[in-house]
Enquirer: 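Okay, handing you the structure first.
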Amino acid sequence: MRYYLHLGWVYWKMHLKKTWMFKSSFIINRVVQILNYFVDFALIWIMVNAFQALNGWNTYEVMLLYAMNVMGYAIGGFFLDRTILTVRTDVQSGAFDDVLTKPVSPLPYLCFQNLNPNFIAHVTLSIALLCIGFGSLGTYIGIVEILKLLLGFVCGGLVYVGLFLFAIGPIFVFRKADSMRRVLFFLREQSMYPLSVFPLFIQILMTVILPYAMIGYFPVQSILGKQDYLFFGRAVLYLAPVISLAFCAIAVWFFHFCLRRYKSTGS
Amino acid sequence: MPIISLKNVSKTYKAQSKGADRDGKLVERVKKKSSRLIEAVKNLSFDIKQGEFIGFIGENGAGKSTTIKMMSGILYPSSGEITCCGLVPYKKRRENAMNIGVVFGQRSRLVWELPMSDTFALYKEIYRIPAERYERNVKTFVELLEMGEFFTTPIRQLSLGQRMRVEIALSMLHDPPVLFLDEPTIGLDVVAKKNIRDFFRERNGRDGTTIILTSHDMKDLDTTAKRLILITKGEMLFDGSAAALKSRYGDESVAEFTFAGAPDKLSVAFDPAKRKLSDIIAEAGSRGEIENVEVKSADIEDIVRKIYNG
């Protein structure tokens, strides 16, 4: 892993060097990013003021779900958001051959080659929202709550890494598989609301098949001590790390399964 | 012991093809698709010894690049066995990558916005090249490939020939014993091609680097490769020296006559083993006063063209 961290650092330095060569583009991008977050933040305030309660979850509790989701997406996106674009372009052009002629494992290499530091801003946004949410609710935050929160971040990161990997895999086989990302991420917005507002089959889907509930719902529920455990009972709180890890492990296996079916292109 | 060995290697692809109705017209509204198997490589077997310089010949779609991709670990064969430097490339891909250098002439690995020195520094880390060896190799390749004058120029400002020289140096930075070169001279001018051929010959002669070169420019192969492997439609057609290729498929020469006072030239093709040049000149002399005669021996390109044309 030290080797890939080091490669990530080398690529990051190169990325900075390249970025600095086009200063005006860099500045415009940062301004656009700040505007994006401003709009995001404004939307959350509108949401907070528009709803009074969702199935027993008040507006600040819903804000916590949103914040956890942003954090999980930031962790997955930091490693894989740029990777999915690189893989799609390189597989279609045949340039992906180059990765396979290097003495590297493709998955960690791609992750560290394509780190996307723009997601650090997501992390900042998430932490700010968590502080506002917990502060407004007057929730006691001790060591146990911080550990639960960190475990929630890990679960969210694992689920999003898994979702990205499930979206990347088919590109190796079919070359063009843009719809996979849309299919896998279509529940992302829904996962920012309490799971209990959805019908049972969606609850099951978001708990064991595409486990979005592990990203925000169960970690926040555990910290706030809410009792709507739904169909699965309290045990699901303890199973969340296992389900997240299993989902990510299956996604890693799927990535390699598809990679072995990579066909390259004609020269 | 061979450095590369292929035993009964085949590679089959599944390809989608659109269906047609009974009249043979494409069904536009309901596109019926059926899959068909394409055999890109069929039962290919050969051994390559250390230090050999192989010219890999074949028309477009013959299976050259697919074979190179299997030998370099990019693709899995559908059947058969491959070893490269004692390893199965697609099973031990990472270890195999340390033993090979690969250049795909139509694809670039260079960082477009930065000078070559940055890509070299990146490859030093990827291949974990010790600092001393790295410095020595960079110095050697910059000198041999005459890259000093554009060493600090961003890659995007370099010509195609200059970029290809950087690609070649990059593929050899970690001192691989085997070099796969897939169309490395494509699109280059004659001077750039000659310089690159000279470089390959020098590396093969001096370091004993095993080189497998594919090219559609037969001059690349005529002047460098000591052994030619010719494949067509995925099957091997010939494996041997250029001289053996000429002798098997006809070493046809052409004598071109110019006559005094006549604008048209007369070309006579002949096999030097069967007909004497003096007889042909005597025969042509009976048609008029010969002003000039030019005799051209068949090169590999002529022979390969003849084979492709059946």
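Convention: sequence-line order gives letters A, B, ...; per-chain numbering from 1.
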Enquirer: Are there over 12 heavy-atom neighbours, none belonging to Q50(B), within less than 6.0 Å of that residue's CD?
Expert: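 Counting neighbours around CD of Q50(B), 12 or fewer heavy atoms of other residues, nucleotides or ligands fall under 6.0 Å, so no.
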Enquirer: Assess whether atom NZ of K92(B) is packed by more than 12 heavy atoms of other residues, nucleotides or ligands within 6.0 Å.
Expert: no
Enquirer: May I ask you to list the residues in residues 94-114 of chain A that approach chain B closer than 4.5 angstrom, counting heavy atoms only, ordered by number?
Expert: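 Listed by number, the contacting residues are G94(A), A95(A), D97(A), D98(A), V99(A), L100(A), T101(A), K102(A), P103(A), V104(A), S105(A), P106(A), Y109(A).
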Enquirer: Quick one: list whatever passes salt bridge (charged side-chain N to carboxylate O under 4.0 Å, His left out) with D207(B), sequence neighbours left out.
Expert: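 With neighbours one apart ignored, the set is R203(B).
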Enquirer: For L75(B), which atoms come within 4.5 Å of any heavy atom of chain A: side chain, backbone, both, or neither?
Expert: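 For L75(B), the side chain is the part near chain A, not the backbone.
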Enquirer: At a heavy-atom distance under 4.5 Å, which candidate from A97(B), S108(B), G101(B) has the highest pair count against chain A?
Expert: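 The answer is A97(B).
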Enquirer: Chain A contacts: which residues in residues 110-122 of chain B have a non-hydrogen atom closer than 4.5 Å to it?
Expert: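 So the qualifying residues are V111(B), E113(B), L114(B), D118(B), L122(B).
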Enquirer: Out of K13(A), H6(A), K18(A), return the one with the most heavy atom pairs under 4.5 angstrom to chain B.
Expert: K18(A)
Enquirer: Output the distance between atom OH (Y3(A)) and atom CD (E125(B)), rounded to the nearest 0.5 Å.
Expert: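 Output value for this atom pair is 9.0 Å.
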Enquirer: How about E81(B): does its CD atom have over 12 heavy atoms from other parts shown lying under 6.0 Å from it?
Expert: no
Enquirer: Side chain, backbone, both or neither: which part of R260(A) has an atom under 4.5 Å from a heavy atom of chain B?
Expert: both
Enquirer: Taking only residues two or more places apart in sequence, or in another chain, which ones meet Y76(B) in a ring pair (Phe, Tyr, Trp, His ring centres under 6.0 Å)?
Expert: Y90(B)
Enquirer: For Y13(B) and K263(A), work out which heavy atoms get closest and say how close.
Expert: OH-O, 3.7 Å
